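First the structure, in the form of structure tokens, and then the observations on it.
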Amino acid sequence: EDEQIVAEIMGRRFLPDLIAYKAWEGFHFAGHEIRITEATDCYGAVVWPSALVLCYFLETNSKQCNLVDKNVIEIGAGTGLVSIVASLLGAFVTATDLPELLGNLQHNVLQNTKQKCKHQPCVKELSWGIDLEKNFPRSSCHFDYIMAADVVYHHPFLDELLLTFDHLCKNDTVILWAMKFRLENENQFVDRFQTLFDLEMISKFPSLNIALYKAMRKGRMKA
């Protein structure tokens, strides 16, 4: 079953017939052909399999996870694929990442959503743990969903990442998080995450070493 579903997920990706001056990959989600411009010299400008897993979940569970008119933020949006798919499914999306990635992120979001979405998504800078209250004040920012794909890997900002999840998450916010398991240090983040949030694994793909989680603040999952 894992191999069959993974084949379906990875089958959503297609490559250009001819080599272009810009590197790009194509994807089929939410009834659209999505073209993503990439930069192979930067982790944040490449589409990783965890993003495909999350996009596939959003599309195939659109009734149970209805994004229409929902307020969604993606952290570590990278190339923007997850934000684009969420937008095409009817959400009002804020796609965030580091300043140096915003140009490519904005390009991908605009070219794949303009005049195709109910709500035009916005792109905004978010450096984990920095100026959170200034840029995303708790009093006025309310997100129905926080989405994250492959934000946990070998980087020194895991404390800041947890702080960012904590700041953005209200009592009724749902976190959808796809994670590829790599090294033990990164895997320990899951234990730390569970000190603040109830965590439920909703899908697992052993052949990709990826798990998809749903999370809410402690005590809110069953409620």
Side-chain angles (χ1 to χ4, degrees), residues 1-14 26-36 47-96 108-109 112-122 141-151 165 168-180 193 197-208 210-223:
E1 183 180 3
D2 168 56
E3 293 180 357
Q4 182 179 355
I5 297 176
V6 167
E8 164 65 17
I9 292 172
M10 302 310 289
R12 300 300 185 95
R13 167 184 274 155
F14 67 93
F27 304 88
H28 293 290
F29 285 109
H32 291 268
E33 179 181 294
I34 301 168
R35 292 193 177 193
I36 297 293
V47 177
W48 299 99
S50 292
L52 274 68
V53 167
L54 183 47
C55 290
Y56 181 81
F57 172 81
L58 295 177
E59 181 186 284
T60 57
N61 293 271
S62 58
K63 290 185 179 179
Q64 302 94 316
C65 180
N66 186 356
L67 296 183
V68 177
D69 297 331
K70 296 296 193 298
N71 201 11
V72 172
I73 186 169
E74 184 186 5
I75 61 174
T79 60
L81 180 61
V82 172
S83 288
I84 291 164
V85 171
S87 298
L88 293 171
L89 291 171
F92 181 83
V93 176
T94 303
T96 71
N108 284 327
V109 167
N112 288 289
T113 62
K114 189 175 182 180
Q115 297 181 336
K116 298 178 183 178
C117 298
K118 184 175 183 181
H119 308 288
Q120 186 61 39
C122 69
C141 287
H142 183 283
F143 298 104
D144 299 296
Y145 289 92
I146 299 170
M147 297 188 184
D150 233 354
V151 293
F165 273 124
L168 296 174
C169 189
K170 295 288 199 297
N171 282 340
D172 58 348
T173 301
V174 175
I175 298 171
L176 294 174
W177 167 29
M179 174 179 173
K180 182 177 179 67
F193 184 87
F197 304 99
D198 289 323
L199 193 64
E200 174 189 354
M201 183 185 294
I202 53 180
S203 296
K204 187 175 183 180
F205 304 97
S207 60
L208 294 174
I210 290 173
L212 178 61
Y213 294 105
K214 173 185 175 181
M216 294 186 75
R217 282 208 174 275
K218 282 283 187 183
R220 300 296 302 179
M221 188 80 83
K222 292 181 180 179

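Small disclaimer: the values here were computed from a predicted structure and weren't measured.
Interatomic distance, Ile175 CD1 to Arg217 CZ, rounded to the nearest 0.5 Å: 8.0 Å. Between Ile9 atom CD1 and Ser207 atom OG the span is 8.5 Å, to the nearest 0.5 Å. To the nearest 0.5 angstrom, Cys55 atom SG is 9.0 Å from Met147 atom CE. For the atom pair CG of Asp150 and CH2 of Trp177, the computed distance is 10.5 Å after rounding to the nearest 0.5 Å.
Closest approach of Ile36 to Thr79, counting heavy atoms only: CG2-CB, 3.4 Å. His28 and Glu59 get closest at one heavy-atom pair: O-OE1, 4.5 Å. Thr173 approaches Leu168 most closely through the heavy-atom pair OG1-O, 4.3 Å. For the residue pair Ser50 and Ala178, the shortest heavy atom distance occurs at O-CB, 3.5 Å. Smallest separation of non-hydrogen atoms from Asn108 and Arg35: OD1-O, 3.9 Å. Between Arg13 and Val47, the closest heavy-atom pair is NH2-O, 3.4 Å.
Residues Ile202 and Lys204 form no side-chain contact, since every pair of their non-hydrogen atoms from C-beta on lies 4.5 Å or further apart. Side-chain atoms of Leu88 and Ile34, non-hydrogen and from C-beta on, do get closer than 4.5 Å to each other. Two residues are said to be in side-chain contact when any heavy atoms from C-beta on lie closer than 4.5 Å; Phe205 and Pro49 fail this criterion. Side-chain contact between Phe27 and Val85: absent, with no pair of heavy atoms (C-beta onward) separated by less than 4.5 Å. Counting heavy atoms from C-beta on, the side chains of Phe29 and Ile84 never come closer than 4.5 Å. Looking at heavy atoms from C-beta onward, Val93 lies out of side-chain contact with His119 at the 4.5 angstrom threshold. For the pair Thr60 and Glu8, the minimum side-chain heavy-atom distance is 4.5 Å or more. Between His32 and Asn112 there is no side-chain heavy-atom pair separated by less than 4.5 Å.
The aromatic rings of Phe165 and Phe193 sit perpendicular, their planes meeting at an angle over 60°, well past the 30° parallel limit.
In terms of modelled atom types and a separation under 3.5 Å, the side chain of Asp198 and the main chain of Met216 share no donor-acceptor contact. Side-chain atoms of Thr94 never come within 3.5 Å of backbone atoms of Ile73 as a donor-acceptor pair (strictly under, hydrogens ignored). Panel note: side chain Lys116, backbone Ser87; no donor-acceptor pair is recorded below 3.5 Å. The main-chain N or O of Glu74 is found under 3.5 Å from a side-chain atom of Thr96 such that the two form a donor-acceptor pair.
Glu33 CD: more than 12 foreign heavy atoms inside a 6.0 Å radius. Within a 6.0 Å sphere centred on NZ of Lys218, heavy atoms belonging to other residues, nucleotides or ligands number more than 12. More than 12 heavy atoms of other residues, nucleotides or ligands sit less than 6.0 Å from atom CD of Gln64.
Applying the salt bridge (charged side-chain N to carboxylate O under 4.0 Å, His left out) rule to Lys118 yields the partners Asp69; only residues at least two apart in sequence or on another chain are considered.
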